[in-house]
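For reference, the structure is listed below as structure tokens.
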Amino acid sequence: MSINHPNFGQLADDRVIIFDTTLRDGEQSPGFSMNLAEKLRMAEALAELGVDVMEAGFPIASPGDFESVRAIAETIKGPVICGLARTGRADILRAAEAVAPAERKRIHIFLSTSPLHMKYKLRMEPDEVLQLAIDSVRLARQHTDDVEWSAEDGSRTEPDFLCRCVEAAIREGATTINIPDTVGYALPADMHRIFTMLRERVPGAEKVIFSTHNHNDLGLAVANTLAAVAAGARQIECTINGIGERAGNAALEEVVMAIRTRPDAVPCKPAIVTEHILRTSKLLSSITGFDVQPNKAIVGRNAFAHESGIHQDGVLKNAATYEIMTPESVGWSKSSLVMGKHSGRAAFRDKLRALGYGEVGDNQLNDAFRRFKDLADRKKVVYDEDIAALVEDEGRDHDRIRFVSLDVRAGSKAPPRAELELEVDGQVTQSDATGDGPVDAAFHAIQAIFPHEAKLLLYSVGAVTEGTDAQARVTVRLEENGKMVDGQGADTDTLVASVRAYVHALNKLLVKRARTEPAALSA
Ligand code: KIV
Ligand code: ZN
């Protein structure tokens, strides 16, 4: 029997809902926090990718979270926009307010049900927890007819109690029931057993969508997701590049392509535009500054690379010998070399659209184009990744501190020395400093121009593309009074990229400071 869902209507038995939680569970993981503009850009890309539900955040968590869920609800058309809430009245009302402007909206309530969580985290008896489930779903239903209820730590919950809670949530009007493997403990056979049990034993199960949400602590998130789908789950919770708490969540790209590649074994249809997968993955990497590992399935640099002669020979004769899906089906182009120093502004704008940046404002376009020309002079080939890195670097119109120039002396003969110029609130200031290495000297020069107390927690360097002329992408993490921010910078010169990343982080910190202490706008 097919389900009649308030937001999706009559659902065919083989339709599987893709619920993306990159902006909530994904953003929650260390180093992956995004600001409002970045979340909006990511949300647009997710809508173009065709996700059915977008969990935009946890509105009660902070004013920033509320604002971004609200902004996404106001601007993003297509997917159902979902806000997360605990069972408390304040949580649910805040989530309801944040998603209110959306054309299609959902409130997602979660509540721990495992013996361990009830005893130590909630300090509640099972009957009290059951009552909370009832009251919270009832309240949420007063604000939207699409309510998802999650049994946190569901995979370690005692089966009879899980059935009682799920039955109560359905009776109160929950339309999706999610059973998370919160700690990534389950094996595929466990997931299959849990969903089969719920569908067989719980009265009303036939009226709701069962959802699966798997963490990757044992590297089994995708396998567990597919096992749940085989047992009748029809919503998959996942994230781009598998980001999320600890070891992450099931990766959207892996789950979707497993289903698409093996219709014989998983007879389900996700409505994802798979050709957009790679660009969405790259957008996330460039926003967060964290690349996926080269051998990452589907989106890793080597996912479709054939190194051995035997494999290359086979692929040339017939690609299917060693490729189970085409690279183009997930967005890889045959060659990612596209732009050179003769490319004009219109081609550059077109390229940005193709990379998923939508309409870039004239100022940002001009600055990025100028840097692109400069890069094309210095670098033999300019790849999509280079352009993405440039645009990410330029999209910061409101920054108080801007990079102007850097001159560094390094080597084995004299202590490293950096001469730096930064523009602070419109005024160019110069400084020079020494340090234990050129990066340290450059960072001391920043400190001299803009004194601050923030601690440097992380400094990481990666190459945007291959080759010795590749741009370096640097991530810098700063911490001040418990507030943590990540900054990114890209340049063919690693030291310039380092200063850009540091300055980016500092600007983010200033925005955070201004939000909490509006008067303290100076260093
Ligand atoms: O992992 C988890 O249990 C969660 C819930 C909030 C659904 O993320
Ligand atoms: Zn989770």
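We count ligands from 1, going down the list as the structure has it; atoms in each ligand are counted the same way. Residue numbers run from 1 in the order of the sequence given. Predicted, not measured: the structure shown is a model, and the values here were computed from it.
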| task | Have a look around the Zn ion (ligand 2) and list protein N/O/S atoms under 2.8 Å, or say none. | result |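 Hits for the Zn ion (ligand 2) below 2.8 Å: Asp25 OD2, His213 NE2, His215 NE2.
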Side-chain donor-acceptor contact under 3.5 Å, [X] with [Y]:
X: Ser155; Y: Asp181; result: yes
X: Glu55; Y: His108; result: yes
X: Thr22; Y: Asp20; result: yes
X: Asn214; Y: Thr212; result: yes

| So do Asp217 and Tyr185 actually touch side chain to side chain, heavy atoms under 4.5 Å? |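 No. Closest side-chain heavy atoms not under 4.5 Å.
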| request: Flag yes if more than 12 heavy atoms outside Lys121 fall under 6.0 Å of its NZ atom; otherwise flag no. | output: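 Atom NZ in Lys121 is crowded, with more than 12 foreign heavy atoms closer than 6.0 Å.
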| Is it the case that more than 12 heavy atoms not belonging to Arg141 sit under 6.0 Å from its CZ atom? |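 Above 12, so yes.
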| task | Return the protein residues near ligand 1 (heavy atom under 4.0 Å from any of its atoms), ordered by chain and residue number. | result |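 For ligand 1, the contacting residues are Arg24, Asp25, His108, Phe110, Ser150, Glu152, Asn178, Pro180, Thr182, His213, His215.
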| request: Take the angle between the ring planes of Phe8 and His5 and call it parallel below 30°, perpendicular above 60°, tilted in between. | output: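 Rings of Phe8 and His5: tilted, as their planes differ by 30° to 60°.
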| request: Find the distance between CZ (Phe32) and CG (Leu284) and round it off to the nearest 0.5 Å. | output: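 Between atom CZ of Phe32 and atom CG of Leu284 there are 7.0 Å.
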